[in-house]
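First the proteins, then the strands, lettered A, B, ... as listed; each starts at 1.
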Amino acid sequence: MKVYLDNAATTPLAKEVLEAMLPYMQDYYGNPSSIHAHGRQTRAAIELARKKIAQLLNTSPSEIFFTSGGTEADNFAICSSIDTFGLRRAITSPLEHHAVLHTLEYLQKTGKIQLDYVEIDAQGNLNYEHLEELLKNNSPALVSLMHANNEIGNLYDIERIGELVKAHQGIYHCDTVQTVGYYTHDLQNLKTDFIVGAGHKFHGPKGVGFMYMNAQSKIHPLIHGGAQERNMRGGTENLYGIIGLAKALELAYENMAATRTHLEGLKKYMIEKLQTNFENIRFNGMSGDMDKSIYRVLNVSFPPSEDSDMVLFNLDINGVSASGGSACSSGSDVGSHVLRALKPEMNRAAVRFSFSKYNTQAEIDYVIEKLLELYPKPVLQS
Amino acid sequence: MKQNTPIIYLDYNSTTPIDNRVLETMILYLNPNFANASSSHKFGLESNQAVFEARKKIANLISAEDNEIVFTSGATESINLAVKGIALANLDKGKHIITLQTEHKAGLDVCNFLATIGFEIEFLPVESDGILDISRLKKAIREDTILISIMYANNEIGVIQPIEQIAKIAKENNILFFSDATQAFAKIPINVKELGIDALAFSGHKFYAPKGIGGLFIKKGVKCQALLHGGGHERGLRSGTLNVPAIVALGKACEIAQAEMSQTQTYVEELRNFLEQELLKINGTRVNGSQIHRLFNTTNIQFENIDGDALIKALDYICVSKGSACTSVSVEPSHVLKAIGLSDDEAYQSIRFSLGKYNKKAELEETIEKIKLIITDFRNMLF
């Protein structure tokens, strides 16, 4: 049996999305910037996609910019807002994705900004009072705090963060890569200046994403050249990617309630099964709390064991794809910076299971069965 | 390729359809092989392996090492990465950069941006045939020159620059040499090792691979700063989840290009020559730029007293272009044509025809007939 439970890393492309993309891979290939018939056709398709995305996020199409993915969108928002608004400070948390952290660290290293980190507790909760203190004490800052953590699933109060940032004349960039398509974002009413999305996190294609930019916070481009994206992002548009992105978001919104019910069911079921079958099982961050974490991520802390390193490996041998943390740092062998920041106990294996609408309860049963083979009872009860 | 529209497409320098063989390979990696190439599970390792093989094919095509290829979202990003990245990483040596007036908008925009943050840019002119006079380059070099950025082949008039000589001069003067090879890559043989190029940008959708994928060759040891920071993909030079299906497609397109390069050249060149010769029979037409050092698929023709926009409009289902698609919304005359000495009017009267492997002789015959009719009509209206 093959079970894919690494949907926070990437999701399978939905059939409907592929079907929407194919005509633009086969028949309508004109460069959207060309003025001839072939180009005008594809230009219209891109603008329709932009309109669709804007409608779903309750904003104007003029505030949506297509990028090559979440990382570019994060870099774009962060680097260009620091540059455009002449900000000398940024505030973030040690739990952000590397696309945010490494970008801010780079800006700090080159002397462009002073960087402050909001305090977090052992469950990855933000200290909002500390955020307010940081905002109060200094000149206006760029605040980059994510909507939901990709590894431990913690959901953050972006309304509250937005209020705080705006009360202190800051700029708010919110990495929403893990929540776009799973939660609604009402951009007319959220106090975010920038949010970002990546197609492949919600059954769209890889290589495409978007940045929402509040019209009040207009920034300079990061990638220069060409007049594409209203002079904000040079480069021939990833036509089929953009078509796929819009289709995937449309599907996600259409089925959001049903997907949520299904995934919450799977997550609850897995939590119960783990708790009844294993003693001393824990969940990293807030991921065991259905209300305070994203419904598609469960980060399990297995009982202490000599072989804790082998859990993921053994699951993989048995056809179960899960992750120790973010795929973006995989292979670099430094472990997860998120879990490290939470200072967990040693010898407890951390495995992130992340679900999609294609997963079933039978698959969860299979994973539990395999885990029981890996963790025989005697070891557990010792 | 499925064609259910009667369109005659003569705008391959702007973009190309995806080769069916490329699409077939790509689709497998859209689904079912959708895994993240950075994931450490078996499923992820399969994606990683596919990326590895694609990288090899691309490196092979230009005689580079596998680890000298960095995947990007396209040539524009590659140009941004190379020019900004090299400039910022070599600040200690100087702030002077040499480029051409006839570069693609992407190259020009990046240089103009660098000028706003303290770099000094020398925009060299070209001769009336569109080609750089090497002696101008030699004269422009200074103690503090850190980078020469000159495109391989021009997108509007197709002329090929003396890359080997430029690379040699760069090397002699210890200056890094970057070339935007978007139009030349996979069309004509390029050997980065023999030429001694330090960095080279390319884009998939110009050679029958998808849009949204491209790459940068960057020679081992060349200092370059990342443009996109994050998960540390591509040896820290370009973060972001790898676009596996598009990368696989890029690899396949390179493999096909390598296998079929000379036959494609022979076929397309003959069609281009036929089109050009026939159009030159019309009164008041001439070719812009060198006809000797030129890509085999491009011809840029000036039609005396004929407005280019009106001609494009009248051509209707025949897709051609005024110049670069990237600037086609602009009302300014082509900066390339101006740089080779054309007046504004002459530039407005010029049309780029760029052909590809799916063109048929009948399409060109139809195009020639149609253009002759339109021009007769226009001229009758005028006189």
- Query: For B:Asn112, is it the side chain, the backbone, both or neither that has a heavy atom under 4.5 Å from a heavy atom of chain A?
  - Reply: neither
- Message: With a 4.5 angstrom heavy-atom cut-off, is it the side chain or the backbone of B:Leu228 that approaches chain A, or both, or neither?
- Response: both
- Task: Taking A:Tyr240 for its side chain and B:Lys211 for its backbone only, find out whether a donor-acceptor pair lies under 3.5 Å.
- Result: yes
- Just by modelled atom types, is the A:His224 backbone N or O under 3.5 Å from a matching donor or acceptor in the B:Asn80 side chain? yes
- Task: Heavy atoms only, distances under 4.5 angstrom: which of A:Ile223, A:Val100, A:Leu104, A:Thr10 has the most pairs with chain B? Name it, please.
- Result: A:Ile223
- Check each atom of A:His200 against the heavy atoms of chain B and say whether the ones under 4.5 Å are side chain, backbone, both or neither. side chain
- Query: Between B:Phe34 and A:Tyr4, what is the ring plane arrangement, given parallel below 30°, perpendicular above 60°, and tilted in between?
  - Reply: perpendicular
- Task: Rounded to the nearest 0.5 Å, what's the gap from OG1 on B:Thr15 to CG on A:Leu239? Could you check?
- Result: 8.5 Å
- Considering only heavy atoms and a distance below 4.5 Å, find which of A:Gly30, A:Gly69, A:Gly70 pairs most often with chain B. A:Gly30
- Task: Examine whether an atom of B:Asn243 lies under 4.5 Å from a heavy atom of chain A, and if so say whether it belongs to the side chain, the backbone or both; otherwise answer neither.
- Result: both
- Query: Roughly how far apart are B:Lys42 NZ and A:Asn318 CG, rounded to 0.5 Å?
  - Reply: 8.0 Å
- Message: When you measure from the side chain of A:His98 to the backbone of B:Gly230, do you find a donor-acceptor pair of N or O atoms at a distance under 3.5 Å?
- Response: no
- Reported OG-to-CG distance for the pair B:Ser40 and A:Asp6, which is rounded to 0.5 angstrom: 8.0 Å
- Short question: side chain of A:Asn75, backbone of B:His229 - any donor-acceptor pair under 3.5 Å? yes
